[in-house]
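Numbers here are sequence positions counted from 1. Heavy atoms only: backbone and side chains are in, while hydrogens, waters and symmetry mates are out. Here the structure is a predicted model, which means the values were calculated and not measured.
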Amino acid sequence: MAARTAFAGALNSSADRHSLFDDAQGLVAGSMLAVLGVSLLSSAGLLTGGTAGMAFLLHYATGWSFGLCFFAVNLPFYYLAFRRLGPAFTVKTFAAIALTSALSEIVPRFISLSHVDPIVGALFGGLVIGAGMLALFRHRASLGGVGILALYIQERFGWRAGLVQLGFDGVILALSFFVASPFIIACSVLGAVVLNLTLAINHRKDRYIAM
């Protein structure tokens, strides 16, 4: 009886609160979309902003796997997440990052993109990653790093997370001149703009209140 009650509670959601099942599918779906977007960017030789952008820089500069770089660069941000946004957010964010890192290593074995035009890759990759991050944000999680800072600043000061992240992304993409051509960087900027506009337009605290 107790097990049945616990199972029912895990499935029971309301207008202002996600169930455990809601959060689980949101984390999985958001991570899957993020990995698909990263695959599009990587196949086009592009970069992006945030901790994913830092991971791309390390990946291109060192040859280490993207999944390993992405997991590593996010480690310092968990303390901020725990102190400012709470343990639930931190645990879900850690799960999303770990899942995204693992899928980044696994998915290329099953999906091979032989040619992706940089402009098309920027448009579709930015949009798909933005959709994935939007799913994570709406379940009180993120892909770490800059996303954590952006969400904290939005909740603390009311600045839109997408626009805050766009500013950070500009700095990261400026560093890309050390590893990429101006055309690739221009396409990467286009992808970052698409990604962050997707967040800025679709993620507002006053429009989505579910926890």
Side-chain angles (χ1 to χ4, degrees), residues 30-77 96-97 99-134 136 142-150 160-203:
S31 298
M32 290 175 67
L33 286 170
V35 169
L36 180 58
V38 166
S39 297
L40 288 168
L41 296 181
S42 180
S43 296
L46 302 178
L47 301 103
T48 188
T51 48
M54 298 179 198
F56 267 127
L57 287 174
L58 278 175
H59 169 63
Y60 290 140
T62 66
W64 299 342
S65 71
F66 172 83
L68 175 63
C69 293
F70 182 66
F71 186 82
V73 298
N74 276 293
L75 291 176
F77 293 95
I97 291 171
L99 181 57
T100 300
S101 298
L103 288 175
S104 296
E105 299 299 312
I106 297 171
V107 168
R109 303 175 188 175
F110 301 94
I111 299 177
S112 177
L113 301 173
S114 59
H115 172 71
V116 178
D117 179 83
I119 296 177
V120 174
L123 293 173
F124 281 83
L127 179 62
V128 173
I129 294 175
M133 293 181 68
L134 184 63
L136 294 173
S142 80
L143 286 178
V146 175
I148 293 173
L149 284 174
R160 292 192 184 182
L163 297 180
V164 172
Q165 186 158 313
L166 183 59
F168 285 108
D169 288 352
V171 175
I172 294 170
L173 288 171
L175 299 175
S176 302
F177 280 97
F178 293 102
V179 297
S181 68
F183 174 69
I184 290 297
I185 293 173
C187 292
S188 299
V189 170
L190 174 62
V193 170
V194 171
L195 188 162
N196 288 290
L197 282 179
T198 300
L199 295 178
I201 292 171
N202 293 285
H203 183 69

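When all heavy atoms of Glu105 and Leu68 are compared, the closest pair comes out as OE2-N, 3.9 Å. Ser43 approaches Leu113 most closely through the heavy-atom pair OG-CB, 3.4 Å. When all heavy atoms are compared, the tightest approach of Val128 to Leu33 is CG1-O, 3.0 Å. Contact record, Ala96 with Leu136: CB-CD2, 4.0 Å, taken as the closest heavy-atom pair. Scanning both residues, Gly45 and Ile184, for their nearest heavy atoms gives O-CG2, 3.2 Å.
In this structure, Phe70 and Ser104 have side chains that are not in contact, with every pair of non-hydrogen atoms separated by 4.5 Å or more. Taking the side chain as every heavy atom from C-beta outward, Phe56 and Leu46 never approach each other to under 4.5 Å. Between Leu41 and Leu47, every side-chain heavy-atom pair lies at or beyond the 4.5 Å cut-off. Using a 4.5 Å cut-off on side-chain heavy atoms (C-beta onward), Ile119 and Cys187 make contact. The shortest distance between side-chain heavy atoms of Leu127 and Leu123 does not fall below 4.5 Å.
Atom-to-atom distance recorded for Thr100:OG1 and Asn74:CG is 9.5 Å, nearest 0.5 angstrom. Here CG of Leu57 is found 9.0 Å from CE of Met54. Values are rounded to the nearest 0.5 Å. Residue Asn202 holds its CG atom at 10.0 Å from CG of Leu197, rounded to the nearest 0.5 Å.
Between Phe66 and His59, the angle of the ring planes goes over 60°, which puts this pair in the perpendicular group of the 30/60° scheme.
Pairs passing the side-chain hydrogen bond (donor to acceptor under 3.5 Å, both in side chains) check and including a residue from residues 176-196, sequence neighbours excluded, read Asp169-Asn196.
Between the side chain of Ser42 and the backbone N or O of Val38 there is no donor-acceptor pair closer than 3.5 Å.
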